[in-house]
Amino acid sequence: MNVRERLRLLKAAGAARAAAERAASPAAPASQANSGDPTRAPAGAPSALQPASLCPGLEGHLVATEAGPAFRLERRYPLDFRRGPLPLGWPLQLPATVWPLVGRVPPAFDPRRAAFVDTETTGLAGGTGTYAFLVGVGFYQGDEFVVRQYFLRDFPEEEAMLAAIAADLAPCTCLVSFNGKSFDWPLLETRFRLARRRPPLGGLPHLDLLHPARRLWSARLDGCTLQDLERAILGVVRTGDVPGSRIPALYFDYLRSGDASALVQVVEHNRLDILSLASLAGWMGQMAADPLGPTPDGELLCGDDLYHLGRLFEARGQLAEALTCYEAARQRGIAAVSETALLRRLSFAYKRARAHPQAVAIWEQMIASGGLTLFPYIELAKYHEHVTRRYDLAESLTVRALEVVDRRRSLGGAGAQREYQEVQHRLRRLRRKRTGHSS
């Protein structure tokens, strides 16, 4: 959008808003009219609320800030409200130890003081030309989960909106988002800096649920968007939801016309995203807290989910928990993951844990079953070379590995020629080592 078009939209939107406010509000007394804008709070003053409405379905309040009024909608939910199988308050019931396992956050991460953040923007490119015109913030307050949504009625109100958001975030000590580390939060930080305001929550823990979600479910789901996870994991299907790709155009239509009715769906879309963040965080935390127990819907985790949960644990350095998940996946069966991949990961975890007998048993089982998998031969040869010092067995296994690679090479297997050269090099080195040991 060029500068001329943006200025035209600013003028049209500002005129439409002013007309709507004059029509909705009685004339102010002369004493108030001479005292300045009643919705502009002096710096440091507590926020004042004034009822305001954009259209039927978008009734909220104007929040007074030192930068002027900001339009806010609010919904409150009891902690036993459910979006999916778990109540919204479930994250508060989980042990603090689960959150560093779910995401790379420090042990001090506390969902009781977290801000669940989601934005709707004028585009997906980011940068200084992209505005967050709707910012949803969810947080726990007493025995409720509160969702506050700040809507940018026109661009000049951005500083007021940011001031109101900063006030809401001030008590928070951490963030929860979905792809917020890459998009939502950097965009908000940019808007704060452009307004010459210090971004809130700088450097505090940020749990971005997209990353653990991809680790856990991308292999067995067709997509890993928040709505994909709602359907497949939480068992929730939205009806009448506005596609995300249409949202910027709907906002620009509102700026041109002053008619906000089409944005009722957008605000609902954002509100449901915030609720799903809390529900999904609870689900992931429950998985980490009790991998072998029933899931929130009363079922047991499938083998594929256990395998990927094990990989998540292993990445966090929790080998014992990873081994438990891998063994359970082996027992329950896998569909989206190959047995070879599972056994490879399980044997390497045992190897890292220095549980050599268990790792050896897996490699021997894989060799006995035949096939053209190379790694059990190589790993068992390494074991006999470095642990048992049985160089004869190590050499014998390497010769057999060379035969396997030769068959793979004859079938045109990808990378087989490089593997053949590597195994040959290993065999020559072993023979030199064996000869030197014998002499």
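The residues of the chain are indexed from 1 along the displayed sequence.
- Checked for salt-bridge contact, R72 and E74 meet the test: a charged N lies under 4.0 Å from a carboxylate O.
- Using modelled atom types and a 3.5 Å distance limit, the side chains of D228 and T225 yield a donor-acceptor pair.
- Side-chain atoms of C325 and Y307, non-hydrogen and from C-beta on, never get closer than 4.5 Å to each other.
- Residues Y251 and V266 are not in side-chain contact: their nearest non-hydrogen atoms beyond the backbone lie 4.5 Å or more apart.
- Using a 4.0 Å cut-off between charged side-chain N and carboxylate O, E422 and R426 make no salt bridge.
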Please list, one pair per line, the donor and acceptor atoms closer than 3.5 Å that link side chains of residues 336-348 to other protein atoms, with sequence neighbours excluded.
{"residue": "S338", "atom": "OG", "partner": "A341", "partner atom": "N", "Å": "3.1"}
{"residue": "S347", "atom": "OG", "partner": "L343", "partner atom": "O", "Å": "3.1"}
{"residue": "S347", "atom": "OG", "partner": "R344", "partner atom": "O", "Å": "2.9"}
{"residue": "S347", "atom": "OG", "partner": "W363", "partner atom": "NE1", "Å": "3.1"}

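- Considering only residues two or more places apart in sequence or on other chains, A219 meets the side chain to side chain contact (heavy atoms under 4.5 Å, CB included) condition with H308.
- Cation-pi geometry between R191 and Y131 is met: the NZ or CZ atom falls under 6.0 Å from the ring centre, inside 45° of the normal.
- A salt bridge links E66 with R197; the closest basic N to acidic carboxylate O contact falls under 4.0 Å.
- Side chain of Q149 to backbone of V267: a donor-acceptor contact under 3.5 angstrom is found.
- Partner of E379 under the side chain to side chain contact (heavy atoms under 4.5 Å, CB included) criterion, out of Y377, Y383, F375: F375 alone.
- Nearest heavy-atom pair, C174 versus L201, reported as atom, atom and distance to 0.1 Å: O-CD1, 4.3 Å.
- Within the 3.5 Å criterion, the main-chain N or O of L92 finds a donor-acceptor partner in the side chain of R112.
- When atom types are taken as modelled, the side chain of Q93 and the backbone of P91 share no donor-acceptor pair closer than 3.5 angstrom.
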L54/V264 under side-chain contact (heavy atoms from CB on, under 4.5 Å): CA gap, chis, key distance, verdict: CA-CA 10 Å; L54 290 177; V264 174; over 6 Å; no

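- The side chain to side chain contact (heavy atoms under 4.5 Å, CB included) check on D241 picks up Q227, R238, H269, with sequence neighbours excluded.
- Considering only residues two or more places apart in sequence or on other chains, R83 meets the salt bridge (charged side-chain N to carboxylate O under 4.0 Å, His left out) condition with E230.
- No hydrogens or angles considered: nothing links the side chains of S177 and D184 as a donor-acceptor pair under 3.5 Å.
- Side chains of P205 and L175 form no contact here, defined as non-hydrogen atoms less than 4.5 Å apart.
- Between the D208 side chain and the G180 main chain, a donor and an acceptor come within less than 3.5 Å of each other.
- Comment: E385 does not engage K382 in a salt bridge, judged by the lack of any side-chain N to carboxylate O separation of less than 4.0 angstrom.
- To the nearest 0.5 Å, atoms CD1 (I274) and CG (D118) are separated by 5.0 Å.
- P95 meets the side chain to side chain contact (heavy atoms under 4.5 Å, CB included) test with T97, V98, A289; sequence neighbours excluded.
- Heavy-atom contacts from other residues, nucleotides or ligands closer than 6.0 Å to NE2 of H425 number 12 or fewer.
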Sequence neighbours left out, cut at 3.5 Å: what donor-acceptor pairs do the side chains of residues 134-141 make with other protein atoms?
{"residue": "Y140", "atom": "OH", "partner": "L88", "partner atom": "O", "Å": "2.5"}
{"residue": "Q141", "atom": "OE1", "partner": "R76", "partner atom": "NH1", "Å": "2.9"}
{"residue": "Q141", "atom": "OE1", "partner": "R76", "partner atom": "NH2", "Å": "2.8"}

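- Taking the charged nitrogens against the carboxylate oxygens, D110 and R113 have no contact shorter than 4.0 Å, which rules out a salt bridge.
- Judged by distance alone, the side chain of D304 and the main-chain N or O of A335 form a donor-acceptor pair under 3.5 Å.
- R311 places no side-chain N or O within donor-acceptor distance of the main-chain N or O of A322, the cut-off being under 3.5 Å.
- The shortest heavy-atom contact between L319 and A353 is CD1-N, 3.8 Å.
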